[in-house]
Amino acid sequence: MWLAAIQLVSGRHWQDNREQIAAELALLPKERPLLVLLPENFALFGERQGYLDGAETIGPDLGGAAPIQQQLAEWARDYGIWLVAGAMPTSIAGSDHIHTSTLVFDPSGDLKGRYHKIHLFDVDVADNHGRYRESETFSPGDAPVLVDSPFGPLGLSICYDLRFPELYRRLARAGARVLLVPAAFTAVTGEAHWEPLLRARAIENQCYVVAANQGGTHETGRQTWGHSMVIDPWGRVLASLDSGRGTVLAPLDQGLMDELQRTMPVLGHARLL
């Protein structure tokens, strides 16, 4: 079993970003089963109106009304992979806001799960963008999500969620074996906190963590940190990519998780729930 994270430097337009993703998928190894995680904003990386215009209704058989989802399903089928679409804009009926959502496709191209980002990034950062207010465009989700897979249950999250350990503890207590973190972490916050937070989530929950970040300077001038990585349940970084486009890949060892949970049963020892 293999875990992969694709790092991108996405722009405003889906067609350009699609070419970046297709180039990385074409380089995937032949081993299966393989889970591939795309970063946050893999399809569209821009401003509010671009996200609103590009938002899709979630669901099968939408055809031309959902070109991003249609392409994701085709990629999953063509490559025989579990493809986790890190985060893309999705519509909310009757609302002037949208969700930013993770979608999980199995190797048959079927949609197996969806997650709407719970924690919205409304902060000020000492970078060239300065002010971030996701709540002006997005509405938060309200529920953690697990998706069954051959890798074990997948715990879904998006970017700023990483700073809220209670979400990951709920996922772990519900049975998560792999925690997925698609992101567009800024260069400033990423340099300071990205790897420590990811390793902490892996260690404290005794899960694999797969983190796919945006990694460079974007059309909008925003700078993202990169350093996409796969981390094992002991907190070891198995594979990492500093910046630019590329893919990191590492094996999943189910026996390691079982042994750690047997010899150091921290979830069973927790007293403050």
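Note that the structure is a prediction, hence the values are computed from the model and not measured. Sequential numbering from 1 along the given sequence is applied to the chain's residues.
- Inter-residue side-chain proximity for T224 and H218 is flagged as met; some heavy-atom pair is nearer than 4.5 Å.
- Here the closest heavy-atom approach between residue T102 and residue P182 is recorded as OG1-CG, 4.1 Å.
- Rounding to the nearest 0.5 Å gives a distance of 8.0 Å between CZ of R170 and CG of L167.
- Taking the side-chain hydrogen bond (donor to acceptor under 3.5 Å, both in side chains) definition, one finds that E74 meets it with nothing, sequence neighbours left out.
- Expressed to the nearest 0.5 Å, how far CG of L83 lies from NZ of K112 amounts to 14.5 Å.
- Placement of L197 and L37 within a single hydrophobic cluster is found when ILVMFWY residues are connected by side-chain heavy-atom separations under 4.5 Å, directly or transitively.
- At a threshold of 4.5 Å between non-hydrogen side-chain atoms, the residues L27 and T247 do not count as touching.
- In this structure, the separation between CG on L198 and CD on E195 is 7.5 Å, given to the nearest 0.5 Å.
- In this view, R77 satisfies the side-chain hydrogen bond (donor to acceptor under 3.5 Å, both in side chains) rule with no residue, not counting sequence neighbours.
- For residues 252-273, every residue pair satisfying the salt bridge (Lys or Arg N to Asp or Glu O under 4.0 Å) rule, not counting sequence neighbours, is listed here: R177-D258, E259-R262.
- One hydrophobic cluster, built from ILVMFWY side chains closer than 4.5 Å, cannot hold both F105 and Y115; they sit in different ones.
- Side-chain contact between L35 and V84: present, with at least one pair of heavy atoms (C-beta onward) separated by less than 4.5 Å.
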Could you tabulate the donor-acceptor pairs under 3.5 Å formed by side-chain atoms of residues 44-53, not counting sequence neighbours?
residue	atom	partner	partner atom	Å
E47	OE1	R12	NE	3.4
E47	OE2	R12	NH2	3.3
R48	NE	E136	O	2.8
R48	NE	T137	OG1	3.4
R48	NH2	D96	O	3.4
R48	NH2	E136	O	3.2
Q49	NE2	D53	OD1	2.8
Y51	OH	G46	N	3.1

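- Checked against salt bridge (charged side-chain N to carboxylate O under 4.0 Å, His left out), E191 has no partners two or more places apart in sequence or in another chain.
- Between A5 and A211, the closest heavy-atom pair is CB-O, 3.6 Å.
- The minimum heavy-atom distance between L34 and R32, with the atom names listed, is CD2-NH1, 3.6 Å.
- With 3.5 Å as the limit, one finds a donor-acceptor pair spanning the side chains of D122 and S135.
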Show me the donor-acceptor pairs, under 3.5 Å and distance only, between side chains in residues 87-95 and residues at least two apart or in other chains.
residue	atom	partner	partner atom	Å
T90	OG1	S101	OG	2.6
S95	OG	H97	N	3.0
S95	OG	H97	O	3.4

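- Side-chain contact check for H99 versus K117: every heavy-atom pair is 4.5 Å or farther apart.
- Taking the side chain as every heavy atom from C-beta outward, V36 and I6 approach each other to under 4.5 Å.
- Put simply, the side chain of D110 never gets that close to the backbone of D106: no donor and acceptor are under 3.5 Å apart.
- Not a single side-chain hydrogen bond (donor to acceptor under 3.5 Å, both in side chains) links R222 to another residue, sequence neighbours left out.
- Sequence neighbours left out, not one pair with a member in residues 144-156 passes side chain to side chain donor-acceptor pair (under 3.5 Å).
- No single ILVMFWY cluster, assembled from side-chain heavy atoms under 4.5 Å apart, contains both V147 and W2.
- Side chains of P140 and H116 form no contact here, defined as non-hydrogen atoms less than 4.5 Å apart.
- In this structure, R236 and I231 have side chains that are not in contact, with every pair of non-hydrogen atoms separated by 4.5 Å or more.
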For Y208 and L238, run side chain to side chain contact (heavy atoms under 4.5 Å, CB included): C-alpha distance rounded to whole Å, both residues' side-chain angles, the deciding distance at 0.1 Å, then the answer.
-> CA-CA 10 Å; Y208 277 86; L238 303 179; 3.9 Å; yes
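- The shortest heavy-atom contact between A55 and I98 is CB-CG2, 3.9 Å.
- Side-chain atoms of H227 do not come within 3.5 Å of backbone N or O of S240 as any donor-acceptor pair.
- N213 approaches P39 most closely through the heavy-atom pair C-CB, 3.8 Å.
- Hydrophobic clustering (side-chain heavy atoms under 4.5 Å, transitive across Ile, Leu, Val, Met, Phe, Trp, Tyr) groups W75 together with L249.
- Residues passing the ring pair (Phe, Tyr, Trp, His ring centres under 6.0 Å) test with F185 are W194, sequence neighbours excluded.
- In terms of hydrophobic clustering, with Ile, Leu, Val, Met, Phe, Trp and Tyr side chains grouped at heavy-atom distances under 4.5 Å, L72 and L8 are assigned to a common cluster.
- Other residues, nucleotides and ligands contribute more than 12 heavy atoms inside 6.0 Å of the CZ atom of R245.
- Of all the heavy atoms in L25 and Y79, the pair that sits closest is O-CE2, 3.3 Å.
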Does the side chain to side chain contact (heavy atoms under 4.5 Å, CB included) test come out yes or no for V237 and R199, once each step is laid out?
-> CA-CA 8 Å; V237 177; R199 294 181 70 187; 4.1 Å; yes
Could you walk me through whether L171 and L179 pass the side chain to side chain contact (heavy atoms under 4.5 Å, CB included) test, one step at a time?
-> CA-CA 8 Å; L171 291 168; L179 302 173; 4.2 Å; yes
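- Legend: residues meeting side-chain hydrogen bond (donor to acceptor under 3.5 Å, both in side chains) with Q206, ordered by chain and number and at least two apart, are absent.
- Without hydrogens or angle criteria, R201 side chain to R163 main chain gives no donor-acceptor distance under 3.5 Å.
- Note that CZ of R169 is 10.5 Å distant from CG of L272, once rounded to the nearest 0.5 Å.
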Under 3.5 Å, which donor-acceptor pairs do the side chains of residues 150-158 form with other protein atoms, sequence neighbours left out?
residue	atom	partner	partner atom	Å
S157	OG	Y168	OH	2.8
S157	OG	L180	O	2.7

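- With N205 contributing its side chain and C207 its backbone, the two residues share no donor-acceptor pair below 3.5 Å.
- Of the inter-residue distances, the one linking Q7 atom CD with F42 atom CZ reads 16.0 Å to the nearest 0.5 angstrom.
- Within 6.0 Å of the CG atom in D124, the count of heavy atoms belonging to other residues, nucleotides or ligands exceeds 12.
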Which is it for Q214 and S10 under the side chain to side chain donor-acceptor pair (under 3.5 Å) test, yes or no, and what are the steps along the way?
-> CA-CA 7 Å; Q214 295 280 348; S10 298; 3.0 Å; yes
Go through the steps for L103 and L111 under the test side chain to side chain contact (heavy atoms under 4.5 Å, CB included), then give the verdict.
-> CA-CA 7 Å; L103 305 181; L111 181 63; 3.8 Å; yes
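- V188 belongs to a hydrophobic cluster whose remaining members, ordered by chain and number, are F121, V123, V125, Y132, Y160, F164; membership requires side-chain heavy atoms of ILVMFWY residues under 4.5 Å apart, directly or through intermediates.
- One finds the CD1 atom of I68 at 4.5 Å from the CD atom of E56 (value rounded to the nearest 0.5 Å).
- Within the 4.5 Å cutoff, side-chain heavy atoms of V209 are placed close to those of V181.
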